[in-house]
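First comes the structure, then the notes that go with it.
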Amino acid sequence: MATQIFTLVGVLIGALTSYFATTVAERAKFRREMATRWDERKLDTYIEYLTCIKEIQRAAMEAGRVRDQGADASDALNEMEASENRRSVLFETFILLSNEQAATAAHTVNQRTWELLRLARIPSSGIAELRTIPLVEALNVLHEAARSDLTISSSVPVR
């Protein structure tokens with residue numbers, strides 16, 4: 001009878017050990033899947049936000065170039081404003097998903113973008129005035145912060 005009890009206890013311990021090991025493995029797998037899903041969402045948001053900033057910059061520079069040539073810059077300004085509206089919405093998602101370093105860098109990019117928008121809206125601003133805004137430098141800092149947040153190593157310096 002004692003051997004049967006020992007056998008039963010051994011089977012019970014084996015079953016519990018198997019159950020707990022499987023549970024721990026499944027939880028770890030679920031956490032990895034969720035982290036991957038959030039990283040993918042974060043990457044998509046970062047790319048969309050940065051694309052909007054580049055669209056704003058290109059449109060503002062085009063408005064300056066057109067003004068320097070004495071032509072109407074309204075098409076470029078309309079494109080710039082549409083991109084600014086998208087950037088404003090994307091920024092909220094960016095802040096929700098990013099870490100503190102990336103959020104701080106994005107705030108700086110916003111400041112530089114607003115300076116560029118303000119200057120581009122002035123009818124007398126040409127491309128020379130618009131180039132004085134250090135937006136590219138702020139974007140480089142944001143790129144580095146985003147890579148760090150996404151744990152992407154970079155040995156290539158950004159210029």
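Excluded from the calculations below are hydrogen atoms, water molecules and symmetry mates; all remaining heavy atoms, backbone and side chain alike, are included.
Hydrophobic clustering (side-chain heavy atoms under 4.5 Å, transitive across Ile, Leu, Val, Met, Phe, Trp, Tyr) keeps I47 apart from V89. At a threshold of 4.5 Å between side-chain heavy atoms, the hydrophobic network of Ile, Leu, Val, Met, Phe, Trp and Tyr places L116 and I122 in one connected group. Cluster annotation: V109 and I95 are assigned to the same hydrophobic cluster (Ile/Leu/Val/Met/Phe/Trp/Tyr, side-chain heavy-atom contacts under 4.5 Å, transitive).
In this structure, the separation between OG on S125 and CZ on R67 is 6.0 Å, given to the nearest 0.5 Å. With rounding to the nearest 0.5 angstrom, the CE atom of M80 is 5.0 Å from the CG atom of L117. Going from atom CG of L142 over to atom CD of Q101 covers 10.0 Å, rounded to the nearest 0.5 Å. Interatomic distance, T104 OG1 to N99 CG, rounded to the nearest 0.5 Å: 8.5 Å. Note that CG of L96 and CZ of R41 are 9.5 Å apart. Values are rounded to the nearest 0.5 Å.
The shortest distance between side-chain heavy atoms of N140 and H143 falls below 4.5 Å. In this structure the side chain of V66 never reaches within 4.5 angstrom of the side chain of D72, judged on heavy atoms. Looking only at side-chain heavy atoms (C-beta outward), T108 and V141 stay at 4.5 Å or farther from each other.
Listed here is the closest heavy atom pair of S98 and D149: CA-OD2, 3.6 Å.
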Residues 52-62 side chain polar contacts: donor-acceptor under 3.5 Å, at least two apart:
from : atom 1 : to  : atom 2 : distance (Å)
K54  : NZ     : Q57 : OE1    : 3.2
E55  : OE1    : S83 : OG     : 3.3
E55  : OE1    : R86 : NH1    : 2.9
E62  : OE1    : R65 : NE     : 3.4

Contacts under 3.5 angstrom, residues 128-138 side chains, donor-acceptor by atom type, not counting sequence neighbours:
from : atom 1 : to   : atom 2 : distance (Å)
E129 : OE1    : G126 : N      : 2.6
T132 : OG1    : E129 : O      : 2.6

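The salt bridge (charged side-chain N to carboxylate O under 4.0 Å, His left out) search around R87 returns E84, not counting sequence neighbours. Taking Y46 as the reference, F94 meet the ring-ring contact (aromatic ring centres under 6.0 Å, His included) condition, with sequence neighbours excluded. The side chain to side chain contact (heavy atoms under 4.5 Å, CB included) search around A63 returns A73, A76, L77, not counting sequence neighbours.
Judged by distance alone, the side chains of Y49 and D44 never bring a donor and an acceptor atom under 3.5 Å apart.
Applying the salt bridge (Lys or Arg N to Asp or Glu O under 4.0 Å) definition to pairs two or more places apart or across chains, those involving residues 97-121 are E81-R121, R112-E115.
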